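Okay, structure first, notes after.
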Amino acid sequence: MPNHLFEKVWTAHTVKKLANGQTQLLIGTHLIHEVTSPQAFGMLRDLGLKVLMPHRTFATVDHIVPTNELVEPYKERPRASHDGRAPQEHEGVRHHLL
Amino acid sequence: MHIVGPEQGITQPGTTIACGDSHTSTHGAFGAIAFGIGTSQVRDVLATQTMALGQLKVRRIEVNGKLRAASTPRTSFSTIIRQLGVNGGTGFAYEYAGSTFDALLHGRSGMTVCNMSIEGGARVGYVNPDETTFAYLKGRPYSPTGTAWDTAVAKLEVFRLRCGAHYDDVVKIDAASIAPTVTWGINPGQGISIIENIRAGRRRRSSGCDRQAGIIEPSPTMKLPAAKPTRARRSRRLPRLLMFSMMEMPWPGLIPQVTVGAIEAASILDDVVVVCARIGGERLPVCDRGVPGGAGGRVGPALQVGERGLVRV
């Protein structure tokens with residue numbers, strides 16, 4: 001049965017059908033940035049969980065980057081911890097500087 | 001995020017991508033199925049690399065034919081939004097196709113259109129990857145190399161669209177009907193293209209029960225001739241939308257009336273005044289549609305704006 005790209009990708013990434021009718025979908029690439037991920041990292045910490053697939057997770061600064069100043073958009077390293085690494089680096093997530 | 005992904009080759013066709021940003025559909029330009037997600041889903045993906053999603057329907061949007069000189073893929077999406085509405089894509093993934101889109105939607109143009117899927121209510125927007133996609137991604141830092149690349153391309157060949165796929169909906173748009181669009185309202189679906197008649201406000205007595213419908217009765221006035229640049233182009237004070245409209249409109253005296261949506265922000269009001277002042281110094285009637293939350297305007301040589309009182313144009 002020929003089908004469109006969406007259906008093929010969806011089927012190939014389906015882990016299982018959930019009881020509520022939703023589909024548990026594998027995410028090949030997770031892109032994270034400074035606005036919507038810190039709280040998620042906090043929730044993960046509270047649950048005692050780790051990032052499952054750091055090699056599929058990529059971080060960069062996004063929303064705080066000014067349009068005209070791509071180089072060194074911030075004066076200080078964002079949320080550096082005791083050893084100078086950003087929190088996501090502890091998890092083995094690659095952090096792309098601009 | 002949406003620039004680093006493609007540039008670094010992190011974005012690949014035939015994959016699923018999630019990011020805590022509503023415009024993640026941008027990556028669909030490279031044949032990825034990309035979802036904008038909320039923070040609790042970011043948590044889910046961090047912890048499990050999966051997330052729960054309801055099934056989406058798929059709408060194929062075909063644009064066929066030759067675009068007018070002034071029109072761009074970006075313009076096409078304004079037309080799509082006008083036709084389908086800002087909520088028209090709810091529950092859908094949009095597939096962009098047709099001879100116009102097939103030829104144009106690569107790289108930046110594709111990113112722009114896929115990015116705007118969310119403005120039309122669609123969670124996902126994508127273009128079927130082709131040789132241009134592979135050419136762009138080959139050799140990028142995270143793209144597969146050597147035989148792994150060949151395998152990836154071969155695998156994707158299997159994914160490539162074949163004829164006869166079932167779509168939940170198909171929308172076909174003639175490229176010739178697409179022209180630069182000026183939005184006048186409070187969402188991107190409220191616009192009018194420069195080759196259409198401007199809707200002149202003709203005041204009618206409000207029935208009292210439906211203020212919005214009662215105040216203005218749209219009626220055709222005149223066609224705008226071909227666009228030519230105006231002095232307004234140089235003004236830095238004009239908000240982008242209005243500036244765009246001024247750039248596309250002929251100079252001067254051919255615009256019978258400016259119709260604006262809700263005027264809530266004082267800054268926008270000021271800009272409207274500037275726009276009107278710049279149209280050849282003419283006293284141009286400005287009409288506000290009486291959108292809830294906006295000004296209770298009137299048609300005439302002045303712009304009346306609710307609490308700010310009467311502002312002379």
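Letters A, B, ... mirror the listed sequences (proteins, then strands); counts begin at 1. Since we're looking at a predicted model, the values are computed, not measured. Note that these values count all heavy atoms, side chains included, but never hydrogens, waters or copies made by symmetry.
Heavy atoms of A:His13 lying under 4.5 Å from chain B belong exclusively to its side chain. Contact of A:Val9 with chain B is made through backbone and side chain together, with heavy-atom distances under 4.5 Å. Heavy-atom distances place the side chain of B:Val58, and not its backbone, under 4.5 Å from chain A. Looking at B:Leu56, both its backbone and its side chain come within 4.5 Å of chain A, counting heavy atoms on both sides. B:Gln41 does not touch chain A: none of its heavy atoms, backbone or side chain, sits under 4.5 Å away. If you measure heavy-atom distances from B:Ala93 to chain A, the contacts under 4.5 Å come from the side chain alone. Residue contact with chain B, scored on non-hydrogen atoms closer than 4.5 Å, involves the side chain of A:Leu18 exclusively. Looking at A:Thr23, both its backbone and its side chain come within 4.5 Å of chain B, counting heavy atoms on both sides.
Paired with B:Trp149 under the rule side chain to side chain contact (heavy atoms under 4.5 Å, CB included), one option of B:Val153, B:Thr145, B:Thr151 passes, and it is B:Val153.
Looking only at heavy-atom pairs under 4.5 Å with chain A, the residue among B:Thr15, B:Leu53, B:Val42 that has the most is B:Leu53. Put simply, of B:His2, B:Arg43, B:His27, the one with the most heavy-atom pairs under 4.5 Å next to chain A is B:Arg43. In terms of heavy-atom pairs under 4.5 Å with chain B, the best-connected choice from A:Glu7, A:Gln39, A:Arg56 is A:Arg56. For the set A:Thr36, A:Leu52, A:Ile27, the entry with the most heavy-atom pairs within less than 4.5 Å of chain B is A:Ile27. Per-residue counts of heavy-atom pairs under 4.5 Å with chain A were compared for B:Val45, B:Ile3, B:Thr11; the largest is that of B:Val45.
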> Where do A:His63 and B:Asp21 land on the side chain to side chain contact (heavy atoms under 4.5 Å, CB included) test, with the steps shown first?
Replying inline: CA-CA 10 Å; A:His63 286 49; B:Asp21 180 87; 3.1 Å; yes
>> Test side chain to side chain contact (heavy atoms under 4.5 Å, CB included) on A:Leu25 and A:Thr14; report intermediate values, then the result.
In response: CA-CA 5 Å; A:Leu25 201 68; A:Thr14 294; 4.1 Å; yes
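Looking at B:Arg74 and B:Ser78, their side chains do bring a donor and an acceptor atom within 3.5 Å of each other. Side chains of B:Thr75 and B:Thr72: a donor-acceptor N/O pair is present below 3.5 angstrom, by distance only. A donor-acceptor pair shorter than 3.5 Å can be found between the side chains of B:Gln12 and B:Ser143.
Annotation for A:Lys17: atom NZ counts as buried by contact number, over 12 foreign heavy atoms lying within 6.0 Å.
For the pair B:Thr16 (side chain) and B:Ile33 (backbone), a donor-acceptor distance under 3.5 Å is absent. A distance-only check finds no donor-acceptor pair linking the side chain of B:Gln8 to the backbone of B:Arg140 [under 3.5 Å].
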